[in-house]
Amino acid sequence: MLARRSGVPVRIVDAGLDCDPELLPEDVTRHRVRRGSGRIDIEDALTVEEAEQAVRLGMAIADEEADSGTDVVVLGDLSVGGTTAAATLIAALCGTDASVVTGRGSTGIDDLAWMRKCAAIRDALRRARPVMGDQLELLAAVGGADLAAMTGFLLQCSARRLPVILDGVVTAACALVAQRAAFRSPDWWLAGQLSGEPAQTKALDRLSLTPVLEHGVTVGEGTGALLALPLVQSAAALVAELPERERDDAAKAED
């Protein structure tokens, strides 16, 4: 709805949903790497080959968007349990404990569910730390096809100089992984909003990105970043007009 009201086209890519492809339009599912992910506290989310396939998928989509003339991308995620994988990646790359990065998610889980989530992230961290030196292996171990695809997308957007507005903790985690592969890539990203997830705060601090908005929007799916889009567009328009105004002011001063 927000995208429609803003006149922004929406593109949905299924990299690894756990559902029958027949339930979704073909243009959504045609890029699927695999169905679902492994349980990251006890097994790998993907094989390394699948992780590479997902990263290349994200890069190809970035090329398509850049070639089509897209000016800016609002990146969001549609995932179940995505905040768990994201928090694991961020904790591993920032060197923090599970309790520091475990949030309540978009649904606002209760204390018992939070403790189970924290335990899952703790166990996943034990599996992530030995492979931290290799981004593909890390995404395969504790990421997922969706996170790997977004990581590749962010990397290629930076290479193509296509600005991206990040949404919540999942996109922040992918950005943190991408930064390990290309240190200057955050130059092309903006943090749209601060969702209240502790892992997102940790990741944005490491990326040196200051959120445009801080409204605590926890819905996900690109909502918070989309709300920041009008402010970003206004700022870009203002900057574009500044040189002309400065010339006019100089001319008036000479008169």
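Quick note: residue numbers are just sequence positions, from 1. Worth saying up front: this structure is predicted, and the values here are computed from it rather than measured.
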Enquirer: Any chance you could measure Cys174, atom SG, to Leu75, atom CG, to the nearest 0.5 Å?
Expert: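 Atom-to-atom, Cys174:SG and Leu75:CG are 7.5 Å apart.
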
Enquirer: If you look at every heavy atom in Ile40 and Gly143, which pair is closest and at what distance?
Expert: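 Distance-wise, the nearest heavy atoms are CG2-O, 4.3 Å.
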
Enquirer: Could you give the distance from CZ (Arg104) to CD (Glu197), rounded to the nearest 0.5 Å?
Expert: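 Atom-to-atom, Arg104:CZ and Glu197:CD are 10.0 Å apart.
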
Enquirer: Looking only at heavy atoms, which two atoms of Leu162 and Ala62 are closest? And how far apart?
Expert: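 So the two residues come closest at CD2-O, 4.4 Å.
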
Enquirer: State whether the number of non-hydrogen atoms from other residues, nucleotides or ligands found under 6.0 Å of Glu26 atom CD is greater than 12.
Expert: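 Result for CD/Glu26: open.
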
Enquirer: Is the shortest side-chain heavy-atom distance between Leu194 and Leu204 below 4.5 Å?
Expert: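 Sidechains of Leu204 and Leu194: in contact.
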
Enquirer: Tell me if a side-chain donor or acceptor on Thr70 pairs with a main-chain N or O of Glu65 at a distance below 3.5 Å.
Expert: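 Yes, Thr70 side chain to Glu65 backbone: donor-acceptor pair under 3.5 Å.
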
Enquirer: Are there more than 12 heavy atoms of other residues, nucleotides or ligands under 6.0 Å from atom CD of Glu214?
Expert: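 Not more than 12 within 6.0 Å, no.
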
Enquirer: With a 4.0 Å cut-off, would you call Asp20 and Arg35 a salt bridge?
Expert: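 So Asp20 pairs with Arg35 through a salt bridge.
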
Enquirer: Please check this pair: side chain of Gln53 against backbone of Ala145, looking for a donor-acceptor N/O pair closer than 3.5 Å.
Expert: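 A pair under 3.5 Å: no.
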
Enquirer: Do Val164 and Val212 sit in the same hydrophobic cluster, where Ile, Leu, Val, Met, Phe, Trp and Tyr count as joined when their side-chain heavy atoms come under 4.5 Å apart?
Expert: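 Result: no, two separate clusters.
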
Enquirer: Looking only at non-hydrogen atoms, find the nearest pair between Ala178 and Leu154 and report the distance.
Expert: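 Scanning both residues completely, I find the closest heavy atoms to be CB-CB, 4.5 Å.
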
Enquirer: First locate atom CZ of Arg32, then atom SG of Cys19, and finally report the distance between them rounded to the nearest 0.5 Å.
Expert: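 Arg32 atom CZ to Cys19 atom SG measures 4.5 Å (nearest 0.5 Å).
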
Enquirer: For the residue pair Ile109 and Lys117, establish whether any side-chain heavy-atom pair is separated by less than 4.5 Å.
Expert: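 Counting from C-beta outward, Ile109 and Lys117 do come under 4.5 Å.
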
Enquirer: To the nearest 0.5 Å, what is the distance between CG on Asp18 and CZ on Arg34?
Expert: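 Reported value, rounded in 0.5 Å steps: 9.5 Å.
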
Enquirer: Under a 4.5 Å cut-off applied to non-hydrogen side-chain atoms, are Leu17 and Asp146 in contact?
Expert: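 Not touching, per the 4.5 Å side-chain cut-off.
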
Enquirer: Please tell me whether Val177 and Leu209 are part of a single hydrophobic cluster in this structure, the criterion being side-chain heavy atoms less than 4.5 Å apart.
Expert: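 Linked, Val177 and Leu209 end up in one cluster.
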
Enquirer: Could you check if a side-chain atom of Cys118 sits within less than 4.5 angstrom of a side-chain atom of Met115, using non-hydrogen atoms only?
Expert: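 The answer is no, as the side chains (C-beta and beyond) never meet within the 4.5 Å cut-off.
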
Enquirer: Side-chain heavy atoms under 4.5 angstrom apart, residues restricted to Ile, Leu, Val, Met, Phe, Trp, Tyr: same cluster for Leu139 and Val131?
Expert: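 Yes.
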
Enquirer: May I ask you to decide if Ala141's main-chain N or O and Arg127's side chain share a donor-acceptor pair within less than 3.5 Å?
Expert: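 Yes.
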
Enquirer: Apply side-chain contact (heavy atoms from CB on, under 4.5 Å) to residues Leu89 and Val142 and explain how you reach the verdict.
Expert: CA-CA 7 Å; Leu89 288 169; Val142 296; 3.7 Å; yes

Enquirer: Kindly indicate whether the side chain of Ile121, heavy atoms from C-beta on, has any atom under 4.5 Å from the side chain of Thr84.
Expert: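 Sidechains of Thr84 and Ile121: in contact.
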
Enquirer: For Thr83 and Val170, work out which heavy atoms get closest and say how close.
Expert: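 Of all heavy-atom pairs spanning Thr83 and Val170, the closest is N-CG2, 4.1 Å.
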
Enquirer: Shared ILVMFWY cluster between Leu176 and Met59, side chains joined below 4.5 angstrom?
Expert: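 Yes: a chain of side-chain contacts under 4.5 Å links Leu176 to Met59.
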
Enquirer: Salt-bridge test for Asp205 and Lys202: reply yes if a basic N is under 4.0 Å from a carboxylate O, no otherwise.
Expert: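 Salt bridge: no.
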
Enquirer: For the CZ atom on Arg39, are there more than 12 heavy atoms of other groups (residues, nucleotides or ligands in this structure) within a distance under 6.0 Å?
Expert: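 Open: at most 12 neighbouring heavy atoms sit under 6.0 Å from CZ of Arg39.
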
Enquirer: Can you tell me if Arg122 has over 12 outside heavy atoms packed within less than 6.0 Å of its CZ?
Expert: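 Counting other residues, nucleotides and ligands, CZ of Arg122 exceeds 12 neighbours.
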
Enquirer: Counting C-beta onward and ignoring hydrogens, is there a side-chain heavy-atom pair between Leu229 and Val72 closer than 4.5 Å?
Expert: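 Side chain of Leu229 against side chain of Val72, heavy atoms only: contact under 4.5 Å found.
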
Enquirer: Provide the closest heavy-atom pair for Ser158 versus Ser185 in the form atom of the first, atom of the second, distance.
Expert: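 Looks like OG-O, 3.0 Å.
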
Enquirer: What I'd like to find out is whether the side chain of Phe153 reaches to under 4.5 Å of the side chain of Val13, using heavy atoms alone.
Expert: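 When only atoms from C-beta onward are counted, Val13 and Phe153 do not touch, as no gap falls below 4.5 Å.
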
Enquirer: Taking a hydrophobic cluster as the set of Ile, Leu, Val, Met, Phe, Trp and Tyr residues connected by side-chain heavy atoms closer than 4.5 Å, whether directly or through intermediates, do Ile61 and Met150 fall within one such cluster?
Expert: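 Yes, Ile61 and Met150 fall within the same hydrophobic cluster.
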
Enquirer: Could you tell me if the side chain of Asp134 sits less than 4.5 Å from the side chain of Arg180, heavy atoms only?
Expert: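 Not in contact.
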
Enquirer: Looking at Ile90 and Gln200, what are the two nearest heavy atoms and their distance?
Expert: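 Closest heavy-atom pair between Ile90 and Gln200: CD1-N, 4.4 Å.
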
